S.K.: 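Before anything else, here's the structure in question.
Quantities reported herein were computed from a predicted structural model and do not represent experimental measurements.
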Amino acid sequence: MSEPLIPLEPDHFYHVYNHAVGDELFFRDNNDYRFFLNRLKKYIVPFFDVYGYALMPNHFHLILNSLETKAILAALEKFYESEKRIFDSTKGKENRDFIVLPQSLSNFFNSYSKNYNKIHGRKGTLFTRAFRRKEVGSDTYLQDLIKYVHLNPVKANFCQHPWQWKFSSYNDIVGTHDTFVKRDRVIELFDDLPNFIAVNNNFPINLENR
């Protein structure tokens, strides 16, 4: 029996994740990874702050903080002006801030899946189920989750250190290049950058049943 899907609310932290169906790969090449991040910036960043991510060949993890209602509605108005059909179904409805959060994620994943199927000549669903999410209820859990996500490719034996995996937020946080990840806020959670680096390179970490 699948786990119930919790509602998405403004000003909450969530761990959003999913796995490719069967033995499929979710990302086959660097272009897939880049397209996923490009769609993430288009559909998700207007409504969520990104605190971390890890994109693996057959699954992904996102750490998202939904914006407050006022900011969500302001972003929605911009979409009405520039992307007329994407969120038209929310017009005139009450609680648009609650409606648009899951819709933005659904639009994001549908856009990626359609492009993936077109590029790789396949049909049908790419995901095992509707996108899964868990609410992050404390700073301690958020810190553990960020560490867990950055160590995911290490645990899977794709690399020996988090900085060696190109498609996670680790290098966005330790680097100085432009990024949509909330670098300063993440570092502040760990007090400073040296402590962030130390903690995010240190096993073990287990988030089971949390």
S.K.: Which residue in the set Phe26, Tyr33, Phe36 passes ring pair (Phe, Tyr, Trp, His ring centres under 6.0 Å) when paired with Phe167?
M.R.: Tyr33
S.K.: So that I can tick it off, tell me whether Asp97 and Lys70 are bridged by a salt bridge, with the cut-off set at under 4.0 angstrom between side-chain N and carboxylate O.
M.R.: no
S.K.: Any salt bridge between Arg96 and Glu77, counting N to O under 4.0 Å?
M.R.: yes
S.K.: Can you check whether Ile197 reaches Tyr170 side chain to side chain, under 4.5 Å on heavy atoms?
M.R.: yes
S.K.: If you measure from CG on Leu55 to CG on Asn152, what distance do you get to the nearest 0.5 Å?
M.R.: 10.5 Å
S.K.: Work out which heavy atom in Gly52 is nearest to a heavy atom in Ser169; give both atom names and the distance.
M.R.: CA-OG, 3.1 Å
S.K.: If you count heavy atoms of other groups shown closer than 6.0 angstrom to CG of Asp192, is the number above 12?
M.R.: yes
S.K.: For Glu68, is the CD atom crowded, meaning more than 12 foreign heavy atoms sit under 6.0 Å from it?
M.R.: no
S.K.: Where is the tightest heavy-atom contact between Lys41 and Pro46, given as atom of each residue plus distance?
M.R.: O-CD, 3.5 Å
S.K.: Mind checking the CG-CE spacing from Leu25 to Met56? Nearest 0.5 Å is all I need.
M.R.: 11.5 Å
S.K.: About how many Å separate OG of Ser111 and CG of Asn38, when rounded to the nearest 0.5 Å?
M.R.: 8.5 Å
S.K.: Here's one to test your reading of the geometry: is the NZ or CZ of Lys91 within 45 degrees of the ring axis of Tyr80 and under 6.0 Å from its centre?
M.R.: yes
S.K.: Roughly how far apart are Asp144 CG and Ser138 OG, rounded to 0.5 Å?
M.R.: 8.0 Å
S.K.: Hey, do the aromatic rings of Phe47 and Phe79 have their centres closer than 6.0 Å?
M.R.: yes
S.K.: Under a 3.5 Å distance rule, please check whether Asn65 uses its side chain to pair with a backbone N or O of Tyr14 as donor and acceptor.
M.R.: no
S.K.: Just checking, any donor-acceptor pair under 3.5 angstrom between side chains of His150 and Asn201?
M.R.: no
S.K.: How far apart are the closest heavy atoms of Pro162 and Ser168, and which atoms are they?
M.R.: O-OG, 4.4 Å
S.K.: With distance as the sole criterion, is a donor-acceptor pair present between the side chains of Asn171 and His177 under 3.5 Å?
M.R.: no
S.K.: Kindly determine whether Tyr112 and Phe27 satisfy ring pair (Phe, Tyr, Trp, His ring centres under 6.0 Å), including the steps that lead there.
M.R.: CA-CA 10 Å; Tyr112 179 77; Phe27 306 100; 5.7 Å; yes
S.K.: Could you tell me if the side chain of Arg133 sits less than 4.5 Å from the side chain of Leu8, heavy atoms only?
M.R.: yes
S.K.: If I compare all heavy atoms of Leu64 with all of Val50, which pair ends up nearest, and what's the gap?
M.R.: CD2-CG2, 3.9 Å
S.K.: Any side-chain heavy atom of Ile146 within less than 4.5 Å of one from Phe196?
M.R.: yes
S.K.: Going through the checks in order, is the side chain to side chain contact (heavy atoms under 4.5 Å, CB included) test met by Phe180 and Asp49?
M.R.: CA-CA 8 Å; Phe180 56 78; Asp49 286 334; over 6 Å; no
S.K.: Taking side chain to side chain donor-acceptor pair (under 3.5 Å) as the criterion, tell me which of His61, Lys134, Glu135 meets it with His15.
M.R.: His61
S.K.: Please indicate whether Asp191 has more than 12 foreign heavy atoms, meaning atoms of other residues, nucleotides or ligands, lying under 6.0 Å from its CG.
M.R.: yes
S.K.: Would Tyr141 and Phe13 count as a close aromatic pair, with their ring centres under 6.0 Å?
M.R.: no
S.K.: Please verify the inter-ring angle class for Phe60 with Phe127; under 30° counts as parallel, over 60° as perpendicular, anything in between as tilted.
M.R.: perpendicular
S.K.: Decide whether Arg28 and Tyr116 meet the rule of one side-chain donor and one side-chain acceptor closer than 3.5 Å.
M.R.: yes
S.K.: Check whether the ring centres of Tyr43 and Phe108 lie less than 6.0 Å apart, and answer yes or no.
M.R.: no
S.K.: Does a donor on one side chain and an acceptor on the other come within less than 3.5 Å for Tyr53 and Asp172?
M.R.: yes
S.K.: As a quick check of understanding, evaluate side chain to side chain contact (heavy atoms under 4.5 Å, CB included) for Arg122 and Glu24, giving each step before the final call.
M.R.: CA-CA 11 Å; Arg122 69 180 299 278; Glu24 274 280 2; 2.9 Å; yes
S.K.: What pair of heavy atoms forms the shortest contact from Asp29 to His120, and how long is it?
M.R.: OD2-CE1, 3.9 Å
S.K.: Indicate whether any N or O donor in one side chain lies under 3.5 Å from an N or O acceptor in the other, for Asn18 and Thr128.
M.R.: yes
S.K.: Any idea which heavy atoms bring Leu105 and Ile44 closest together, and the distance?
M.R.: CD2-CD1, 3.6 Å
S.K.: Could you tell me whether the side chain of Gln103 and the main chain of Ile86 form a donor-acceptor pair under 3.5 Å?
M.R.: yes
S.K.: What's the spacing between Glu9 CD and Ile72 CD1 if we round to 0.5 Å?
M.R.: 10.5 Å
S.K.: Centroid-to-centroid, Trp165 to Phe158, below 6.0 Å?
M.R.: yes
S.K.: Set out, in order, the CA-CA distance, both residues' side-chain angles and the distance that settles side chain to side chain contact (heavy atoms under 4.5 Å, CB included) for Arg34 and Leu37, then state yes or no.
M.R.: CA-CA 5 Å; Arg34 284 192 287 264; Leu37 292 174; 5.9 Å; no
S.K.: Tell me whether the rings of Phe109 and Phe131 are parallel (<30°), tilted (30 to 60°) or perpendicular (>60°).
M.R.: tilted
S.K.: Please step through side chain to side chain contact (heavy atoms under 4.5 Å, CB included) for the pair Glu188 and Asp184, ending with a clear verdict.
M.R.: CA-CA 6 Å; Glu188 186 178 355; Asp184 292 343; over 6 Å; no
